[in-house]
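What follows is a single structure, written as structure tokens, with notes after it.
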Amino acid sequence: MLSTQPQIKTSKLLIDQFGRTVDYIRLSITDRCDFRCVYCMSEDMSFLPRDEVLSLEECARLVKVFVSLGVSKVRITGGEPLVRKNALWLFEEVGKLQGLDELVLTTNGSQLEKQAQNLRNAGVKRINISVDSLNADCFKKITRTGELDKVLRGIQAAKAAEFDNIKLNTVLMRGVNDDEAFALVDFAIEQKIDISFIEEMPLGVVDHSRESTFVSNVHTLKQLQSAYALIASTENTGGPAKYWRVTNTSTKIGFISPHSHNFCESCNRVRITCKGELYLCLGQEDKIDLMPLLRHFPDDDQPLTDAILSSMAIKPKGHDFDLRRAEPAVIRFMSHTGG
Ligand code: SAM
């Protein structure tokens, strides 16, 4: 059992060369997923062997060190985090850490029917559930293996578990599901939950040209404004989304727009892959490997702490996504870096 008190006493915070404070980590606990979303993965994926993936104990230790360095928000993601065996143990350990304000989760919802209440009990505050279509055939076409009904039951389980907030994440693709923006917003309103539209990003090589399916959030917002009374909200969750409130409802609509609105200037996060690579930016290659430090110094967190502190010097100014380029901006998939 890990102690709940961070061991390292340091006044140092994670501040990068551009003066941005990093207080948010996104930790991918597996590269595996039960879905194969067409914008996220290729049909034929190979996954990492077990010994190249951080153990759950190593994940917990890493989070503890980050929290000792001022990180107050942790998102557990993947791959699909809830398909990892015993993932709940990690949520319980992280949920106990003093100094952590928010433990949150991104999931495809397929396991929520069974796990939502336990996750809530472990201290997960908010939950993002990826849903790209409410049409079972289209849902299958996008996810390749997913079952919409199961995910809808997962959403109901999450509602019953009373998370502080539930938000749908949707990637619209031209000619695939871009006719569903209204239906998805209506669903969110009916369910009294939020929804964010994420512009498709050129991460990894997929079976279509990103440019051919790209839907700009500028377009989606305009479309939605023709049907709903939307009020720009000043609320933000410290992230890249711009929010709009739907008048007379409890629903907020977020837009995460790496192309039409570059959000890097206020970036407060870093990402850790399931093999312990600390990526300083979703859209760049700058990284350091933490796994050797975890494994060579099992009882000493200082080398790990020093490496994390020094990584701030290489956090890039921002991504440079360009859909017109034939090759992806970065070769790794979102499921590798952790969405
Ligand atoms: N399996 C979980 C899920 O489905 O939410 C967590 C991992 S998934 C990689 C996290 C988020 O990344 C999902 O909302 C997904 O839609 C989004 N995503 C994956 N690839 C993307 C891409 N190329 N562009 C934009 N969003 C992407």
Side-chain angles (χ1 to χ4, degrees), residues 26-42 45 47 74-84 87 104-112 115 119 124 126-133 139 142-148 150-151 154-155 158 166-174 176-178 180 184 194-217 220 239-241 254-260 263 269 271-274 279 282-283 319 321-323 325 327-339:
R26 298 169 80 110
L27 172 65
S28 169
I29 61 168
T30 178
D31 59 336
R32 289 164 199 258
C33 188
D34 48 346
F35 292 3
R36 296 284 183 279
C37 297
V38 291
Y39 54 78
C40 186
M41 291 187 173
S42 66
M45 293 290 288
F47 297 106
V74 174
R75 178 173 300 280
I76 306 289
T77 180
E80 173 46 45
L82 301 183
V83 299
R84 175 129 188 207
V104 297
L105 162 71
T106 300
T107 174
N108 65 23
S110 69
Q111 310 301 311
L112 279 179
Q115 299 198 29
L119 291 162
V124 174
R126 298 189 287 113
I127 182 163
N128 290 352
I129 307 172
S130 303
V131 179
D132 299 314
S133 174
F139 187 86
I142 294 173
T143 60
R144 293 191 178 109
T145 55
E147 272 178 45
L148 177 63
K150 204 170 169 192
V151 172
I155 294 172
I166 300 173
K167 180 165 73 73
L168 305 181
N169 275 347
T170 300
V171 177
L172 291 180
M173 300 175 73
R174 196 189 316 153
V176 181
N177 62 341
D178 57 337
E180 288 201 55
L184 284 155
D194 295 335
I195 179 165
S196 279
F197 291 97
I198 309 176
E199 285 178 347
E200 185 178 350
M201 293 175 246
L203 304 170
V205 179
V206 289
D207 302 336
H208 60 274
S209 107
R210 302 283 189 179
E211 198 180 3
S212 68
T213 50
F214 181 68
V215 177
S216 161
N217 270 343
T220 306
F255 294 92
I256 301 174
S257 317
H259 301 279
S260 52
F263 45 63
R269 64 203 56 199
R271 295 165 196 262
I272 304 143
T273 69
C274 62
Y279 276 102
L282 176 63
H319 67 72
F321 293 147
D322 181 355
L323 291 169
R325 273 200 310 226
E327 74 279 10
V330 295
I331 301 299
R332 59 186 193 276
F333 290 103
M334 183 80 126
S335 59
H336 173 159
T337 321

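Values below: all heavy atoms of this structure, side chains included; hydrogens, waters and symmetry mates excluded. Atoms within each ligand, like the ligands themselves, are counted from 1 in listed order.
Near Thr77, meaning under 4.0 Å from one of its heavy atoms, ligand 1 places the atoms 6 (C), 7 (C). Ligand 1 places these atoms under 4.0 Å from at least one heavy atom of Val171: 16 (O), 26 (N). Counting atoms of ligand 1 from 1 in the listed order, those under 4.0 Å from a heavy atom of Met201 are 22 (C), 23 (N), 24 (N), 25 (C). The ligand atoms of ligand 1 that sit less than 4.0 angstrom from a heavy atom of Glu200 are 24 (N), 25 (C). Proximity to Cys40 (heavy-atom distance under 4.0 Å) selects the following atoms of ligand 1: 9 (C), 19 (C), 20 (N). Of all atoms in ligand 1, listed by their number and element, those nearer than 4.0 Å to a heavy atom of Gly79 are 1 (N), 2 (C), 6 (C), 7 (C).
The two atoms that bring Tyr39 and Met173 nearest to each other are CD2-SD, 3.8 Å, heavy atoms only. The minimum heavy-atom distance between Leu168 and Val131, with the atom names listed, is CD2-CG2, 4.0 Å. Looking at every heavy atom in both residues, Met41 comes nearest to Cys33 through CE-CB, 3.6 Å.
With hydrogens and angles left out, the side-chain atoms of Thr30 and Glu80 include no donor and acceptor closer than 3.5 Å.
By the criterion of a heavy-atom distance under 4.0 Å, both the backbone and the side chain of Asn108 are placed next to ligand 1. Heavy atoms from both the backbone and the side chain of Thr106 come within less than 4.0 Å of ligand 1. Within the 4.0 Å heavy-atom criterion, neither part of Ile129 lies near ligand 1.
Side-chain atoms of Asn217 never come within 3.5 Å of backbone atoms of Phe255 as a donor-acceptor pair (strictly under, hydrogens ignored).
Taking 4.0 Å as the cut-off between side-chain N and carboxylate O, Asp34 and Lys150 do not count as a salt-bridged pair.
Distance check, rounded to the nearest 0.5 Å: CG of Asn108 to CZ of Phe35 gives 4.0 Å.
Taking a 4.0 Å cut-off on heavy atoms, Arg210 registers as neighbouring ligand 1.
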